[in-house]
Amino acid sequence: MKPYLAAAIQMTSVPDLEKNLIQAEEFIELAVRRGAELIGLPENFSFMGTEEEKLQLAETIAHKSEKFLKTMAQRFQVTLLGGGFPVPVSDRKVYNTALLIDPTGTEVARYEKVHLFDVNLPDGNTYWESNTVQSGTQLPPTYASEALGTLGISVCYDVRFPELYRHLSLKNTDVFFIPAAFTAYTGKDHWQVLVQARAIENTCYAIAPAQTGRHYAMRQTHGHAMIVDPWGVILADAGDRPGVAIAEIDPFRLEQVRRQMPCLQHRVFN
Ligand SMILES: O=C(O)CNC(=O)[C@H](CS)NC(=O)CCC(=O)C(=O)O
C-alpha cells in the first residue's frame with residue numbers, strides 16, 4: 001500500500017435515475033482527473049424519491065445502478081463504492097445495498113444496511129425506512145486491497161452504532177466508508193462529530209460521501225461529504241453544494257497515529 005488519493009462524492013439526487021447517473025458520472029470523472037483511485041458515491045446516489053416510487057422502480061434501479069458502477073470502475077480504472085441503492089427482496093421490500101467494485105469491474109463486497117432509520121424527528125419530519133427496507137442480517141464486509149489497504153463498508157444511520165466499526169477495525173480495516181443521506185436537522189449537530197468519532201476511536205480513515213440540498217417534497221439533506229484521517233482531522237469537506245472532497249490516504253500516517261495513540265491495543269473487553 002502506497003499513499004493514494006480518495007474521493008467522497010456529494011450529490012443532490014432526485015427522483016430521476018438517468019439524471020442521477022449522469023451527475024454521478026460527471027463527479028466520478030472529475031475525481032479521476034484529480035487523481036483519485038478510490039471513489040465513493042453517497043447513499044441513494046441513483047435514486048432519491050418517495051417510498052412508493054422507489055418500490056415501483058426498484059428492479060430497474062437495482063439493475064442499472066449495478067451496471068453503472070461496474071462500467072465506471074472499469075472505464076476509469078478505479079475502485080468504486082455505490083453507497084446505497086434499493087435491491088428488491090420481495091414485492092414490498094428492498095435491501096438498502098452498498099456495492100464495492102474493483103477496477104476490473106468485479107464486485108468485491110456487498111453490504112445490506114443493517115440499522116434502519118425509523119425516527120420521528122423533533123422538527124416534525126418522520127422517517128420510517130423499515131416501511132420499504134428489509135434490514136440486512138450480516139455484519140458489514142471488508143475488502144483487503146493490496147493497493148488501497150483494507151476497506152470496510154457501512155451506510156448512513158449505521159454511523160451511530162460504534163460496534164459495527166469496532167468489528168471492522170478488528171478485521172484490520174484501514175479505511176471506513178460511511179456513505180450517507182443525513183437529514184439537514186440531525187446533520188448540523190451530529191454528522192461531523194459522528195464521522196470523526198468513528199475515525200478517532202478506531203484509528204482509521206473515514207471516507208464519507210453525502211447527499212446535500214433539496215431533493216423532493218420536504219426532503220432536505222445536510223451535505224458535508226468528508227474525508228477524515230485516523231487522528232480525526234478533516235482533510236477535505238465538500239461544503240453544502242454538489243461536488244467532490246478529495247484527500248490523501250497515507251499508510252505512513254496510519255502507522256504513525258496507531259503508534260502515537262495505541263488505543264486499539266489497549267482494549268480490555270473485546
Ligand atoms: O429517505 C430516503 O429517501 C432514503 N433513505 C435514507 O436516506 C436513509 C434512510 S431514511 N437515511 C438515513 O439513514 C439518515 C440517517 C440520519 O439522518 C441520522 O442518523 O441522523
Side-chain angles (χ1 to χ4, degrees), residues 7-34 36 38-76 78-88 94-101 105 107 110-113 117 127 129 132-133 153 155-157 177-184 187 207-226 238-246:
I9 290 177
Q10 177 152 293
M11 300 176 63
T12 304
S13 294
V14 291
D16 185 330
L17 177 63
E18 298 302 332
K19 251 195 197 150
N20 295 329
L21 295 185
I22 288 168
Q23 191 188 21
E25 180 170 351
E26 280 172 8
F27 285 134
I28 292 169
E29 199 169 347
L30 180 64
V32 168
R33 265 194 272 126
R34 294 201 198 151
L38 178 62
I39 300 177
L41 291 163
E43 189 184 29
N44 308 325
F45 70 96
S46 56
F47 188 85
M48 192 131 163
T50 62
E51 295 187 329
E52 303 78 65
E53 215 183 339
K54 181 179 76 177
L55 274 186
Q56 231 172 40
L57 299 173
E59 196 92 48
T60 309
I61 300 170
H63 180 73
K64 292 209 170 167
S65 301
E66 193 166 328
K67 198 162 155 236
F68 171 83
L69 293 168
K70 289 177 173 169
T71 305
M72 291 298 117
Q74 201 167 17
R75 179 184 305 163
F76 294 112
V78 292
T79 300
L80 180 61
L81 180 91
F85 58 92
V87 174
V94 300
Y95 283 128
N96 187 346
T97 306
L99 211 56
L100 186 65
I101 310 292
E107 173 181 328
R110 176 179 290 254
Y111 169 62
E112 288 150 356
K113 188 185 188 190
F117 192 52
Y127 301 83
E129 192 175 14
T132 56
V133 178
I153 301 178
V155 175
C156 199
Y157 186 51
F177 269 117
I178 314 176
F182 245 60
T183 71
I207 301 175
Q211 290 284 350
T212 193
R214 292 179 180 280
H215 305 270
Y216 64 95
M218 296 299 284
R219 197 74 209 278
Q220 204 179 336
T221 55
H222 173 67
H224 295 279
M226 59 178 76
D240 59 9
R241 307 288 299 274
V244 186
I246 294 187

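Hydrogens, waters and symmetry mates are skipped; everything else that's a heavy atom, side chains included, is used. For the single chain, residues carry numbers from 1 onward in sequence order.
- The distance from atom CD1 of I246 to atom CG of L38, rounded to the nearest 0.5 Å, is 11.5 Å.
- Listed by first then second residue, pairs satisfying side-chain hydrogen bond (donor to acceptor under 3.5 Å, both in side chains) with a partner in residues 19-33 read E25-R75, not counting sequence neighbours.
- With contacts defined as side-chain heavy-atom distances shorter than 4.5 Å, the pair I9/L30 does not qualify.
- In this structure, F182 and C156 have side chains that are in contact, with non-hydrogen atoms separated by less than 4.5 Å.
- Here E129 pairs with N96, K113 under the side chain to side chain donor-acceptor pair (under 3.5 Å) rule; sequence neighbours left out.
- The list of salt bridge (Lys or Arg N to Asp or Glu O under 4.0 Å) pairs with a residue in residues 60-73, not counting sequence neighbours, reads E18-K64, E66-K70, E66-R110.
- Atom CG of residue L17 and atom OG1 of residue T60 lie 7.5 Å apart, to the nearest 0.5 angstrom.
- Residue T221 is tested with R214, H215, E43, Q10 for a side chain to side chain donor-acceptor pair (under 3.5 Å); the sole match is H215.
- At most 12 non-hydrogen atoms from other residues, nucleotides or ligands lie less than 6.0 angstrom from CD of E59.
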Take M72 and V32 through the side chain to side chain contact (heavy atoms under 4.5 Å, CB included) test and state the conclusion after the steps. CA-CA 11 Å; M72 291 298 117; V32 168; over 6 Å; no

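- Residues I153 and L81 are in side-chain contact: their nearest non-hydrogen atoms beyond the backbone lie under 4.5 Å apart.
- We find the CE-CD distance between M48 and Q211 to be 5.0 Å, quoted to the nearest 0.5 Å.
- Of all non-hydrogen atoms in S46 and S65, the two that sit nearest each other are OG-OG, 2.8 Å.
- Note: I178 CD1 to I207 CD1 = 10.0 Å, rounded to the nearest 0.5 Å.
- Side-chain atoms of F85 and F45, non-hydrogen and from C-beta on, do get closer than 4.5 Å to each other.
- By the 4.5 Å heavy-atom criterion applied to side chains, P242 and T12 are counted as neighbours.
- Rounded to the nearest 0.5 Å, atoms OG1 (T97) and CD (E112) are 5.0 Å apart.
- Between F76 and I39 the shortest side-chain heavy-atom distance does not fall below 4.5 Å.
- Taking every heavy atom of both residues into account, P86 and A62 meet most closely at O-CB, 3.3 Å.
- Here the closest heavy-atom approach between residue D240 and residue T212 is recorded as O-OG1, 2.9 Å.
- Taking all atoms of both residues into account, the shortest heavy-atom contact from L41 to M11 is CD2-SD, 4.2 Å.
- Distance alone, capped at 3.5 Å, places no donor-acceptor pair between the S13 side chain and the F47 backbone.
- Taking CE of M218 as the start and OG1 of T183 as the end, the distance is 12.5 Å to the nearest 0.5 Å.
- A245 and A225 make their closest contact through CB-O, 3.8 Å (heavy atoms, listed as atom of the first residue, atom of the second, distance).
- At least one side-chain heavy atom of V94 sits less than 4.5 Å from a side-chain heavy atom of V133.
- What you find for A31 and V244 is that their closest heavy atoms are CB-CG1, 4.1 Å.
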